[in-house]
Asks: 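Got a structure for you, written out below as structure tokens; questions coming shortly.
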2 protein chains.
Amino acid sequence: MATVGSSCLGCPMDPVLKAVTGRWTTTILWNLSTESPLRFGELMGLMPAISAKVLTDRLRMLEQNGIVLRTQKSTIPPEVSYELTTHGQDLHQALRSLHEVALKWNAEGWVPGQGFPEDQVARAAE
Amino acid sequence: MATVGSSCLGCPMDPVLKAVTGRWTTTILWNLSTESPLRFGELMGLMPAISAKVLTDRLRMLEQNGIVLRTQKSTIPPEVSYELTTHGQDLHQALRSLHEVALKWNAEGWVPGQGFPEDQVARAAE
DNA sequence: CAGGATCCAGGGAGATACTG
DNA sequence: CAGTATCTCCCTGGATCCTG
């Protein structure tokens, strides 16, 4: 059985990671976990750099995986909103933790690709 | 200021996500967070499907980002071990949460690309 | 043992244009 | 408004071979 401290030999993390991480995916989940339901256009507005195609792709994939619920009103203009399913809400804690780490590292002066200030001076000393 | 519940407009999650998620990266971090230090070959053994090149790439990137510490004994044969830095240990909670979700979803019959059992019967009913 | 160097193929991201 | 349909390009993962 999978005991605490078990390695990743046959551990179930891999497929889950594939489903919830990856470019944009985690950001979408974070947005939906802090505020929902959100409409398609609202999600676009929260992530200015994403394209409609990629957002659609990610949402479809998350929906397929039972993580996100899509609700569609067939009015004109159409109104579609997204929210986490009950299963998707299992991710709340993980997303919150990730967010906290992000805030902390930012406050500590972490720079993507360069690390923390200490790392940078250590590098400069060489 | 970044307040709690803030969206991802200029929020610091993106670069952090890039650094800690992605194929293999999170799995490596999980292994190092449950058991360390680990040698290069031990990491390989824990992730049979990874190639040496990718493992090296990921470790270098994590090292560059100040998340993983590389310790090298210049003996023959060489012995190199990896562990999380103190900053890297900030990820413990997030990794644990992710792992718990993975175990839960697995127990609930979640299938990558198909979702949960309920989703699958709902789909079959159409 | 722990890698560095190359080469290659595939897929995902992005831009653009169109639609119910 | 909320997509869909293509097309291209680049990046990443994987395989193979070589080395301190």
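For the numbers below, each heavy atom of this structure counts, side chains included, while hydrogens, waters and symmetry mates do not. All values derive from a computational prediction rather than experimental measurement.
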Asks: Treating primed atoms plus P, OP1 and OP2 as sugar-phosphate and everything else as base, which nucleotides of nucleotides 1-16 of chain C get B, S or - for protein heavy atoms under 4.0 Å?
Replies: BSSS-B------BBB-

Asks: Taking only residues two or more places apart in sequence or in another chain, which ones pass salt bridge (charged side-chain N to carboxylate O under 4.0 Å, His left out) with A/E83?
Replies: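 Salt bridge (charged side-chain N to carboxylate O under 4.0 Å, His left out) list for A/E83, sorted by chain: empty.
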
Asks: Quick one: list whatever passes salt bridge (charged side-chain N to carboxylate O under 4.0 Å, His left out) with A/K104, sequence neighbours left out.
Replies: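 A/K104 satisfies salt bridge (charged side-chain N to carboxylate O under 4.0 Å, His left out) with A/E108, B/D90 only.
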
Asks: With sequence neighbours excluded, what pairs up with B/M44 under the side-chain contact (heavy atoms from CB on, under 4.5 Å) test?
Replies: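 Applying side-chain contact (heavy atoms from CB on, under 4.5 Å) to B/M44 gives B/F40, B/I50, B/A52, B/L55.
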
Asks: Where does the chain A footprint on DNA chain D start and end, counting 5' to 3' with a 4.0 Å heavy-atom cut-off?
Replies: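 The protein-touched segment is D/dC1 to D/dT6.
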
Asks: Between B/Q64 (side chain) and A/G113 (backbone), is there a donor-acceptor pair under 3.5 Å?
Replies: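 Here the side-chain-to-backbone pair exists.
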
Asks: In chain order, what residues pass the salt bridge (charged side-chain N to carboxylate O under 4.0 Å, His left out) check against A/E79, with sequence neighbours excluded?
Replies: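 Per chain and number, A/E79 pairs via salt bridge (charged side-chain N to carboxylate O under 4.0 Å, His left out) with A/K73.
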
Asks: Indicate, with yes or no, if the rings of B/H99 and B/W30 have centres closer together than 6.0 Å.
Replies: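 They qualify: ring centres under 6.0 Å apart.
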
Asks: Looking at side-chain heavy atoms only, is the closest gap between B/T26 and B/L95 below 4.5 Å?
Replies: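 When only atoms from C-beta onward are counted, B/L95 and B/T26 do touch, with a gap below 4.5 Å.
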
